[in-house]
S.K.: 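Sharing a structure here in structure tokens format.
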Amino acid sequence: MRRSSHDRRHGLDPATRFLLLHRESNAKAQRSMSDQTLYTAFAAKVESALSQLVAEGALPAGTSFANVTLEPPRDPSHGDLATNAAMVLAKAAKTKPRDLAKKIAAKLEAEDDIASAEVAGPGFINLRLDPAAWLGELKTIDALGDEYGRSTIGSGTAVNVEYVSANPTGPMHMGHCRGAVVGDALANVLEFAGHDVVREYYINDAGGQVDTLARSAHLRYREALGENIGAMPEGLYPGDYLVPVGEALARELGDRFKDAPEAEWLPVFRAEGVARMMDLIKSDLALLGIEHDTFASEAALHAAGKPDAAEAWLREHDFVYDGVLEPPKGKAPPEDWEPVKLPLFRSTKFGDDQDRPIKKSDGSWTYFGADLAYHMQKAENADELIDIWGADHAGTVKRIKAAVAALSEGKGKPVPFDVKLIQMVQLMRDGEPVKMSKRSGNFITIADMVEEVGKDVVRFTMLTRKPEAQMEFDFAKVVEASKDNPVWYVQYAHARICSTLRKAAEEGLEPSDAALDQLGEEEIVLIRRAAQFPREIEAAAKAREPHRIAFYLYDLATDLNAFYSLGNTRTEKRFIVAHEREVSQARLFLARAIGQVLRAGLRVLGVEAVERM
RNA sequence: GUCCCCGUAGCUCAGGUGGAUAGAGCGUCGGAUUCCUAAUCCGAAGGCCACAGGUUCGAGUCCUGUCGGGGACACCA
């Protein structure tokens, strides 16, 4: 679902509020449907068995079932589902796990749809389901369509995901890419899991780097007016992307700022520069399929007096005091180091190694001082906050978490706050690292990457590694058409399904659930995998790890291709079997459902499900 | 010196918040295609889960320490 972007400064505007409410009601409408999935149904059966044991006195009243899980065993030969209930509850029951397991298994075996319940190993209970249960799940997938997998675990919780937040001083480059994709996919996952999600971008338009931008733009402006500016001076932004900005400003403003004193033009060029850089960044993000709901401006934050309000509150509660900053702990302290008295935030109370200044000695706010106020603002409008940061900012996590904890707990509304650190990506070409020099203005932009390999490849590849691990991005490998390339492999599986359905349609065969009982064990393997999709979504949402969906889709594609290949040697196992109308239609029904799950998963990742390759 | 992330097959990486015999791809070796997309599939070999302790019924997973790789340590942003 794409929403139009709102360039608002802070707080929730009415349009956003409406969207949130609207989405919430959608989520509620979905609830009854998603609760019908196979896993939730059988989890309910397990819980009911346990409740019976409580009623019979085998388990003490009030026993918590919170740690009881029901999941597919790693080894499929153990059965369809396994529960650890007996091991988790043995202590409470004051019996051995296996003895308790026998009691639970006896209850479960009495259930419809459970063919057998066996006690195994240290006390696992392995369930074998009646095939009809899986066939029923297949129908559920078909009935729910693109909504299959949507969860309600997040309903009622509004999550603000802040990602990208690149400085508005130039186009987006590689360094921003991974965080942008991971943040966006995470927002999608959370939304699919039922959360109300706001995708936010923090514009750092108040710091010194914006003055640098303004000066650089002014020079390009003079250049556009015919002046020979020579090489860009050290300390200004040399990139060509400011050339058109200078030209546009020359057209729009004429030459009245050409020889004016800096104080006169600086504010104008700051504002113009930031606005144009944000346009550039938004168009870069659009190339990746990313659109934020909210753009929060640091300058607006200052204008609204938010940092002052935060400081006042923190001082009142003794989280901020005037103190002398310790010298930097690095090996070589700066030569011009002087002890200065500054307003410090007591981040040491929260595990930081030193208290951090919120204001500089000239009285202006530090980045941290403003950021603290910014997070306070976000916390007012959300139940949970997530920031996606580059790993190079790891050193500042403790202080900002400390600040959010102090503010939100102090104000009586603790807001869970998670900072996801995204490790660097090493670009590779022909096995060699791609060198980038930011100083010369030569760096690989996101636009370059998308143009070279495509949005889908960039997005999917960025999600094939857990974000806290460093990764390489090899231009040659990511466009390879083979099983070694997960993007291609998953899309291939989807295209194969589409191709099969097209072929069938030409022969007058449509998917049908009229004879699903003709599907055998090989097909049920596929259904089992597909049935895990809702669980994968929930797990990915809980862990805030969208990459799990990418790996899941790869597994599902593997199962699909494996089944497809069965037909090479066993023609009776093809999707389309000559003169076997009923079984063909049942298999086509299966194929369509698998395609649907692949599509839903890819949509969450923001990757297109292609129909032909 | 302090802090953060990582260390799993020859290589690149998963491992569902503590579960059963450790999982994939590439590479190596051996097989499968008159046929719905073989750009695919099946099988085999390959492991002190960096190391040492600890926590408990049970640890690749949690805790402590050591080693190795990466990153950060300004009143910058």
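Owing to the predicted nature of the structure, the values given are computational and were not obtained by experimental measurement. Here is how names work: the chains are called A, B, and so on, in the same order as the sequence lines, proteins then strands, and each is numbered from 1.
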S.K.: Paired with B/rC51 by Watson-Crick or G-U wobble geometry, both distances under 3.5 Å: which nucleotide is it?
M.R.: B/rG65

S.K.: With a 3.5 Å limit on both atom pairs, tell me what B/rU2 is paired to, counting Watson-Crick and G-U wobble, or say none.
M.R.: B/rA72

S.K.: Can you find a side chain N or O atom of A/R356 that sits less than 4.0 Å from OP1 or OP2 on B/rA74?
M.R.: no

S.K.: Check every atom of B/rA20, B/rU12, B/rC75 against the side chain of A/H78 and return the nucleotide holding the closest atom.
M.R.: B/rA20

S.K.: Name the one of A/V610, A/L553, A/V457 that satisfies side-chain contact (heavy atoms from CB on, under 4.5 Å) with A/Q491?
M.R.: A/V610

S.K.: Counting only side-chain heavy atoms from C-beta out, which of B/rA20, B/rG70, B/rC41 sits nearest to A/K483?
M.R.: B/rC41

S.K.: Using a 4.0 Å heavy-atom cut-off across all strands, classify A/S361 as base, sugar-phosphate, or nothing.
M.R.: base

S.K.: Measure the distance from NZ on A/K91 to C1' on B/rU56 and round it to the nearest whole Å.
M.R.: 7 Å

S.K.: Can you tell me the base-pairing partner of B/rG25? Count Watson-Crick or G-U wobble geometry only, both distances below 3.5 Å, and say none if there is no partner.
M.R.: B/rC11

S.K.: Please tell me which of the listed nucleotides, B/rG19, B/rC75, B/rA72, lies nearest to the side chain of A/D392?
M.R.: B/rA72

S.K.: If I pick the C1' atom on B/rC63 and the same atom on B/rA24, what distance separates them, to the nearest angstrom?
M.R.: 30 Å

S.K.: Can you tell me the base-pairing partner of B/rU37? Count Watson-Crick or G-U wobble geometry only, both distances below 3.5 Å, and say none if there is no partner.
M.R.: none

S.K.: Quantified in whole Å, what is the C1' atom distance between nucleotide B/rG16 and nucleotide B/rC57?
M.R.: 22 Å

S.K.: What I want to check is whether an N or O donor and acceptor connect the side chain of A/Q532 with the base of B/rG16 at under 3.5 Å.
M.R.: yes

S.K.: Of the candidate nucleotides B/rU37, B/rC75, B/rC42, which contains the atom at the shortest distance from the side chain of A/A562?
M.R.: B/rC42

S.K.: Which sits closer to the 5' end of RNA chain B, A/P357 or A/A394, going by the nucleotide each is nearest to?
M.R.: A/A394

S.K.: Would you say B/rC41 has OP1 or OP2 under 4.0 Å from some side-chain N or O of A/Y489?
M.R.: yes

S.K.: I'd like to know if A/R570 pairs up with A/E522 as an ion pair, taking the criterion as any Lys NZ or Arg NE/NH1/NH2 lying under 4.0 Å from an Asp or Glu carboxylate oxygen.
M.R.: yes

S.K.: What distance, rounded to whole Å, do you find between the two P atoms, one in B/rA14 and one in B/rC6?
M.R.: 10 Å

S.K.: Check A/K542 with A/E538, please: is the shortest side-chain N to carboxylate O separation under 4.0 Å?
M.R.: no

S.K.: For a quick check of understanding: with a heavy-atom distance under 4.0 Å over all strands, which category does A/Q209 fall into, base, sugar-phosphate or nothing?
M.R.: sugar-phosphate

S.K.: Taking any heavy-atom pair under 4.0 Å as a contact, classify A/K96: base, sugar-phosphate, or nothing.
M.R.: nothing

S.K.: C1' atom, B/rC29 versus B/rG46: distance in rounded Å?
M.R.: 11 Å

S.K.: Base, sugar-phosphate, or nothing for A/A539, non-hydrogen atoms under 4.0 angstrom?
M.R.: sugar-phosphate

S.K.: Closer than 4.0 Å, any side-chain N/O of A/K542 to the OP1 or OP2 of B/rU17?
M.R.: no

S.K.: Could you tell me whether A/N561 contacts a base, only the sugar-phosphate backbone, or nothing, with contacts defined as non-hydrogen atoms closer than 4.0 Å?
M.R.: sugar-phosphate

S.K.: Taking atom C1' in both B/rC42 and B/rA59, what distance in whole Å separates the two?
M.R.: 34 Å

S.K.: Is the shortest distance from a Lys or Arg side-chain nitrogen in A/R528 or A/E521 to a carboxylate oxygen in the other one below 4.0 Å?
M.R.: yes

S.K.: Rounded to whole angstrom, note down the C1' distance from B/rC13 over to B/rA9.
M.R.: 11 Å

S.K.: Choose from B/rC4, B/rC41, B/rU37 the nucleotide whose nearest atom is closest to any side-chain atom of A/S499.
M.R.: B/rU37

S.K.: Quick check for you: among B/rC75, B/rA77, B/rU2, whose closest atom lies nearest to any side-chain atom of A/D353?
M.R.: B/rU2

S.K.: So what does A/G208 touch, heavy atoms closer than 4.0 Å: a base, only the sugar-phosphate, or nothing?
M.R.: sugar-phosphate

S.K.: From the set B/rU40, B/rG25, B/rC75, return the single nucleotide nearest to any side-chain atom of A/Y554.
M.R.: B/rG25

S.K.: Using a cut-off of 6.0 Å, state whether more than 12 heavy atoms not belonging to A/K420 lie near its atom NZ.
M.R.: yes

S.K.: Determine: side-chain N/O of A/K466 to OP1/OP2 of B/rC5, distance under 4.0 Å, yes or no.
M.R.: no

S.K.: For a quick check of understanding: with a heavy-atom distance under 4.0 Å over all strands, which category does A/A540 fall into, base, sugar-phosphate or nothing?
M.R.: nothing

S.K.: In whole Å, measure the gap between the P atoms of B/rU17 and B/rC73 for me.
M.R.: 35 Å

S.K.: Rounded to the nearest angstrom, tell me the gap between atom NZ in A/K420 and atom P in B/rC6.
M.R.: 10 Å

S.K.: Test your reading of the model: is there a side-chain donor-acceptor pair from A/H375 to the backbone of A/L372, 3.5 Å cut-off?
M.R.: no

S.K.: Nearest to the side chain of A/K360 - B/rC41, B/rC36, B/rC76?
M.R.: B/rC76

S.K.: Among A/V458, A/V425, A/I388, which residue satisfies the side-chain contact (heavy atoms from CB on, under 4.5 Å) criterion with A/R178?
M.R.: A/V425

S.K.: Identify which nucleotide among B/rG69, B/rC6, B/rU12 has an atom closest to any side-chain atom of A/R465, counting heavy atoms from C-beta outward.
M.R.: B/rU12

S.K.: Taking atom types as they are modelled, would you say the side chain of A/D371 forms a donor-acceptor pair with the base of B/rA77 within the 3.5 Å cutoff?
M.R.: no

S.K.: Kindly say if A/R535 contacts the phosphate of B/rG16, meaning a side-chain N or O under 4.0 Å from OP1 or OP2.
M.R.: no

S.K.: What does B/rU56 pair with, Watson-Crick or G-U, if both distances are under 3.5 Å?
M.R.: none

S.K.: It should be established whether A/H393 places a side-chain nitrogen or oxygen under 4.0 Å from OP1 or OP2 of nucleotide B/rC5.
M.R.: no

S.K.: Closer to the 5' end of RNA chain B via nearest nucleotide, is it A/T396 or A/N84?
M.R.: A/N84

S.K.: Keeping the roles fixed (side chain from A/D362, backbone from A/S364), state whether a donor-acceptor pair exists under 3.5 Å.
M.R.: yes

S.K.: Indicate, with a heavy-atom threshold strictly under 4.0 Å, whether A/Y367 touches base, sugar-phosphate, or nothing.
M.R.: base

S.K.: Give A/P343 one of three labels, base, sugar-phosphate or nothing, depending on what nucleic acid heavy atoms sit under 4.0 Å from its own.
M.R.: nothing

S.K.: When the P atoms of B/rG18 and B/rU56 are compared, how many Å lie between them, rounded to an integer?
M.R.: 16 Å

S.K.: Under a 3.5 Å distance rule, please check whether A/T348 uses its side chain to pair with a backbone N or O of A/D355 as donor and acceptor.
M.R.: no

S.K.: With heavy atoms under 4.0 Å as the rule, sort A/A82 into base, sugar-phosphate or nothing.
M.R.: base

S.K.: Measure from the side-chain heavy atoms of A/Y564 and tell me the nearest of B/rA14, B/rU17, B/rU37.
M.R.: B/rU37

S.K.: When we call it a touch if two heavy atoms are under 4.0 Å apart, what does A/I576 touch: a base, just sugar-phosphate, or nothing?
M.R.: base

